[in-house]
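Counting convention: from 1, in listed order, for ligands and their atoms alike.
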Amino acid sequence: MLIDAHCHLTGDEYEETGGVARAIARAKEAGVGIIVCSGFDLDSSIKAKSLAEAHEGVYFCAGFHPSELNEYQEGDLEEIAKLCQSDKCVAVGEIGLDYHFDDNPPKPLQKELFEKQLRLACEAGLPVVLHSRDAAADTLEILEQNRELLKFGGLMHCYSYSPEMSDAFCALGLHFSFGGPCTFKNAKKVWESVQRIPAHRILSETDCPYLTPVPFRGTFPNEPSMVSFVVEKLASLKGVSTEEMQKRIYDNAKALFFKLK
Ligand code: NI
């Protein structure tokens, strides 16, 4: 069974290719048995919950992405906490820090909401799905300072920092997921991270609708059925068969997202 541990199916991108239900059906035909649809604000988290409840094998996480905090309003985290009670909510996410664009929400606000959502996850008894872009040092500092809030685990999704830096995140007990970028030419840094990180900490994802893997790189939208190309690449980087990598990722996903059925 293949697993897409992180994707976005709540936008209208899939209308061009027959709608989201068709995308999910194609994923099932391709052997993808578990899809975790990630929220990035309150509205998308509510939509992700509905989608998960309507489709077998689809789960979701609820939370505020650091780039979406301009949408954040007082009381929204209470609503996120309610979503966490769903049988199909496997994590709080995606949460973290994103300093990539100059007009991203101010750093103090990002840090405040990151910590609040780490606390929310711990109180809900759930792992976290982490988004971190151009903010490695601050992300690590906040996680290390709040280590006790990570007792239900976490996933560094689309890991793209240095291979050496993965050691520090690994020491916090975190898992790592890789998507389309690991199939790209010149992704040497990502390949080295995959090789360095212990096999029991690695998951596969698409982060669709963007980042379509090779050999379909450049086509839009990406979708969960494409995760097979990611798993093939991870297997070759780890020097194991695709079947063995699939089984390993399944076990890892069950260990991290313990609400998966
Ligand atoms: Ni994402």
Problem - H8: its N/O/S atom lying closest to the Ni ion (ligand 1) (atom name) - result: NE2
Practice task
Could you verify whether a donor N or O on one side chain and an acceptor N or O on the other, from H65 and D98, lie under 3.5 Å apart?
Solution key: no
Problem - Quiz item: cation-pi between R22 and Y14, 6.0 Å / 45° - result: no
Exercise for the section: Could you confirm whether H6 has any N/O/S atom lying under 2.8 Å from the Ni ion (ligand 1)? Expected result: yes
Completion exercise
To the Ni ion (ligand 1), the closest N, O or S atom belonging to E94 is OE2
Exercise for the section: Taking both backbone and side-chain atoms into account, decide whether C7 has an N/O/S atom under 2.8 Å from the Ni ion (ligand 1). Expected result: no
Exercise for the section: Would you mind naming the N, O or S atom of D207 nearest to the Ni ion (ligand 1)? Expected result: OD1
Fill in the blank from the handout: Tested for side-chain contact (heavy atoms from CB on, under 4.5 Å) against D76, the lone hit among E74, E78, Q73 is Q73
Practice task
Pick out which of P213, S160, C158 makes a side-chain contact (heavy atoms from CB on, under 4.5 Å) with P181.
Solution key: C158
Handout entry: Any P198 side-chain heavy atom under 4.5 Å of C170 side chain
Key = yes
